[in-house]
*Asks:* 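Sharing a structure, written as structure tokens. Questions coming.
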Amino acid sequence: MTDTTLLQAGDRTVPPTADMVALKTGLFIDGTYGPAVSGLCFEVIDPANRQPFAQVARGGAADIDRAVAAARRAFDDGPWPRMTGAERGAVLRRMGDLIAARRDELARIEVRDNGKPLPEANWDIDDTAGVFHFYADLAEGLDGAEQPIPLAMPSFTAKAVREPIGVAGAIIPWNFPMLMAAWKVAPALAAGCTMVLKPSELTPLTALELGAIAAQAGLPAGVLNIVSGFGPEAGQPLTEHPGVDKLAFTGSVPTGARIMATAARDIKAVSLELGGKSPLVVFADTPLDQAVEWIMFGIFWNQGEVCSATSRVLVEQSIYEPLMARLADEARKITIGNGMTDGVLLGPLVSAEQQQKVLAAIERGKTEARLVCGGGVPEGLEDGCFVQPTIFADMAEDAWIWREELFGPVVCVKPFATEAEAIRLANDSRFGLAAAVMSADAARCDRVAAAFRAGIVWINCSQPTFTEAPWGGYKQSGIGRELGRWGLDNYLETKQITRRTATEPWGWYLK
Ligand code: TXE
């Protein structure tokens with residue numbers, strides 16, 4: 001153990017240290033923190049040194065029952081869905097303000113929990129606050145947003161109104177722990193829903209802290225409930241629970257498929273944000289520096305643990321070798337280390353399991369592609385879950401390494417001869433989350449962007465993500481869109497209200 005003592009989960013059980021604040025580590029149900037019904041906890045591990053640094057309550061089916069009951073009461077009888085959008089917006093705005101005010105401490109928790117470099121964790125927390133502020137505005141916009149519907153038949157009028165869908169169950173991954181919580185919590189609350197949130201067992205701390213932030217901002221008890229725990233123990237009962245009206249999930253394709261199948265039993269609404277193997281197409285007229293910069297950002301940012309990472313790079317034949325040489329040169333220079341250390345650009349992967357998964361994938365890749373650089377654990381960093389920035393080239397179109405999501409700092413590079421070939425290779429994937437194109441020719445960029453079968457397209461960049469814009473995938477990358485006004489739609493039902501305005505008898509049965 002390093003600098004903290006393991007303690008029982010409950011209220012503020014991890015004491016402050018030099019680089020961390022006190023944390024909430026109990027389940028947040030009906031407005032208060034407390035232990036799991038079983039009394040069990042699990043350890044949270046710092047992937048930079050594989051040491052446990054916190055114990056968190058291990059929620060199970062009984063805790064999900066309590067949390068859903070609280071959310072159900074808050075939805076069926078509580079004030080939240082009945083408030084005006086402006087009133088809800090004011091609470092969301094305060095949540096955003098409180099997150100922004102605690103940016104440094106929350107970012108440091110994120111580094112310990114996930115491994116990412118501190119400057120990237122700072123972005124995450126800034127974005128998290130921004131998401132709450134954005135949906136605060138959209139909540140206000142819901143007031144008076146009913147739509148009159150012109151009808152062909154006289155003596156009837158109709159309107160469409162938007163209403164919260166009910167109790168939402170949200171299950172999130174570990175790559176952007178607090179931001180992924182915000183992507184689901186903020187629009188759900190803006191819409192007037194109540195929620196049970198299950199963070200990833202690998203990174204539960206900042207999401208649990210959202211409970212304290214919500215309470216401080218004046219969110220009524222029971223509106224947001226947070227149950228930390230493992231997928232089969234806490235996630236599965238949440239997806240099966242008859243008291244839940246809607247499921248929102250971000251994570252792997254197999255888990256997403258299981259959630260969809262479970263939701264089908266009682267026809268719950270589902271939105272899924274799943275994996276990707278996104279292409280970045282680089283034409284020869286792209287300035288080399290820019291190409292190298294965005295290729296690197298597209299795959300090494302957040303250790304490549306990004307659903308939209310551009311992990312397949314297609315390079316026009318004439319610049320293939322020079323670009324590869326430059327890329328390898330720059331990749332070797334990346335500073336790897338503990339995310340807390342100044343100047344580090346690549347932290348550890350989230351867990352020993354993820355590290356092993358990526359290292360095993362690299363070994364398989366070595367049998368079907370040329371390893372250009374990286375390919376192992378960086379020297380001197382064997383204590384943490386680190387993987388070198390890794391580049392593969394010259395693989396076949398059907399190579400496993402070219403087709404499967406790895407979720408690590410591993411990029412595959414392939415040449416192409418024509419625009420048509422680039423588009424064909426880019427779209428030849430079961431995924432369709434993101435795609436990017438780089439060229440000095442704007443018309444060509446537009447053509448390629450239109451041809452991509454993906455939900456997110458970047459031109460002359462890769463990865464910039466904006467709260468205002470829709471986010472989600474085609475094909476096996478998911479269903480539905482998060483962020484922007486589309487994110488709000490996930491949590492709204494549409495009701496038509498039709499009124500007969502004539503007063504004379506209808507005269508169908510009663511002539
Ligand atoms: O994902 P899971 P894991 C991909 C990435 C990664 C792989 C495995 O390729 O290597 O998935 O990661 C909860 N019922 N992505 O195992 O299992 C789980 O507790 C209900 C892509 O972490 O999908 C966690 O909260 N919930 C991705 C969440 O699902 C269950 C981000 C995600 O875990 C459950 C993360 C069940 N039966 C991984 N089983 C992206 N799209 O951004 C697990 N969970």
Side-chain angles (χ1 to χ4, degrees), residues 8-14 21-39 41 56-84 87-99 101-102 106 128 132 135-136 139 164 166-172 178 181-182 184-199 204-229 234 237-238 241 243-246 248 491:
Q8 290 305 302
D11 190 41
R12 292 243 174 245
T13 55
V14 177
V21 291
L23 299 171
K24 304 277 194 187
T25 57
L27 310 178
F28 184 71
I29 297 177
D30 213 6
T32 51
Y33 285 93
V37 169
S38 66
C41 298
V56 166
R58 180 167 175 167
D63 303 294
I64 291 292
D65 274 346
R66 289 193 298 137
V68 173
R72 201 68 263 171
R73 275 194 305 276
F75 187 78
D76 294 338
D77 308 317
W80 189 251
R82 289 153 199 94
M83 285 180 178
T84 64
E87 286 167 335
R88 289 198 299 270
V91 176
L92 288 174
R93 191 159 296 110
R94 281 197 292 277
M95 287 180 73
D97 292 346
L98 289 164
I99 292 163
R102 296 182 55 189
L106 291 168
T128 301
F132 278 94
Y135 284 104
V167 174
I171 297 175
I172 55 170
M178 200 174 199
K184 295 183 171 39
V185 172
L189 299 190
C193 290
T194 61
M195 179 170 261
V196 178
L197 169 70
K198 195 207 80 68
L205 293 171
T206 46
L208 283 172
E209 199 65 18
L210 260 186
I213 289 163
Q216 205 184 337
L219 191 75
V223 174
L224 175 63
N225 306 275
I226 307 163
V227 179
S228 48
L238 180 59
H241 206 293
V244 173
D245 301 297
K246 190 239 153 43
Y491 299 96

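Side chains included, hydrogens not; waters and symmetry mates left out as well; all remaining heavy atoms used.
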*Asks:* Can you name the side-chain hydrogen bond (donor to acceptor under 3.5 Å, both in side chains) partners of Arg66, sequence neighbours left out?
*Replies:* Asp63
*Asks:* Step by step, work out the side-chain contact (heavy atoms from CB on, under 4.5 Å) result for Leu189 and Trp80.
*Replies:* CA-CA 8 Å; Leu189 299 190; Trp80 189 251; 3.9 Å; yes
*Asks:* For the backbone of Ala188 and the side chain of Tyr135, can you confirm whether one donor and one acceptor N or O come within less than 3.5 Å of each other?
*Replies:* no
*Asks:* With Phe132, which residues qualify under ring-ring contact (aromatic ring centres under 6.0 Å, His included), at least two apart?
*Replies:* none
*Asks:* Show your working on side-chain contact (heavy atoms from CB on, under 4.5 Å) between Leu210 and Met95 and close with a plain yes or no.
*Replies:* CA-CA 9 Å; Leu210 260 186; Met95 287 180 73; 4.1 Å; yes
*Asks:* Is there a side-chain contact (heavy atoms from CB on, under 4.5 Å) between Ile29 and Val227 once you walk through the steps?
*Replies:* CA-CA 8 Å; Ile29 297 177; Val227 179; 4.2 Å; yes
*Asks:* Sub-3.5 Å donor-acceptor pair from the side chain of Arg88 to the main-chain atoms of Ala139, do we have one?
*Replies:* no
*Asks:* Has the side chain of Thr194 got a donor or acceptor atom that lies under 3.5 Å from a matching backbone atom of Val223?
*Replies:* no
*Asks:* Stepwise, does the side-chain contact (heavy atoms from CB on, under 4.5 Å) test hold for Val244 with Val196?
*Replies:* CA-CA 9 Å; Val244 173; Val196 178; 5.7 Å; no
*Asks:* Between Arg58 and Gly39 (side chain of the first, backbone of the second, donor and acceptor by atom type, cut-off under 3.5 Å), is there such a pair?
*Replies:* no
*Asks:* Where the side chain of Arg94 meets the backbone of Ala217, is there a donor-acceptor pair that is under 3.5 Å apart?
*Replies:* yes
*Asks:* Apply side-chain hydrogen bond (donor to acceptor under 3.5 Å, both in side chains) to Ser228 and list each qualifying residue two or more places apart in sequence or on a separate chain.
*Replies:* none
*Asks:* Please check: side-chain N/O of Asp30 versus main-chain N/O of Ala70, any donor-acceptor pairing under 3.5 Å?
*Replies:* no
*Asks:* Could you check if a side-chain atom of Val167 sits within less than 4.5 angstrom of a side-chain atom of Met195, using non-hydrogen atoms only?
*Replies:* no
*Asks:* Is Asp65 salt-bridged to Arg72, cutoff N-O under 4.0 Å?
*Replies:* no
*Asks:* Provide the closest heavy-atom pair for Gly26 versus Leu208 in the form atom of the first, atom of the second, distance.
*Replies:* O-CD2, 3.4 Å
*Asks:* Any donor and acceptor pair, going by atom type alone, linking the side chain of Lys198 with main-chain N or O of Ile172 inside 3.5 Å?
*Replies:* no
*Asks:* What are the two closest non-hydrogen atoms of Leu98 and Ile213, and how far apart are they?
*Replies:* CD1-O, 3.5 Å
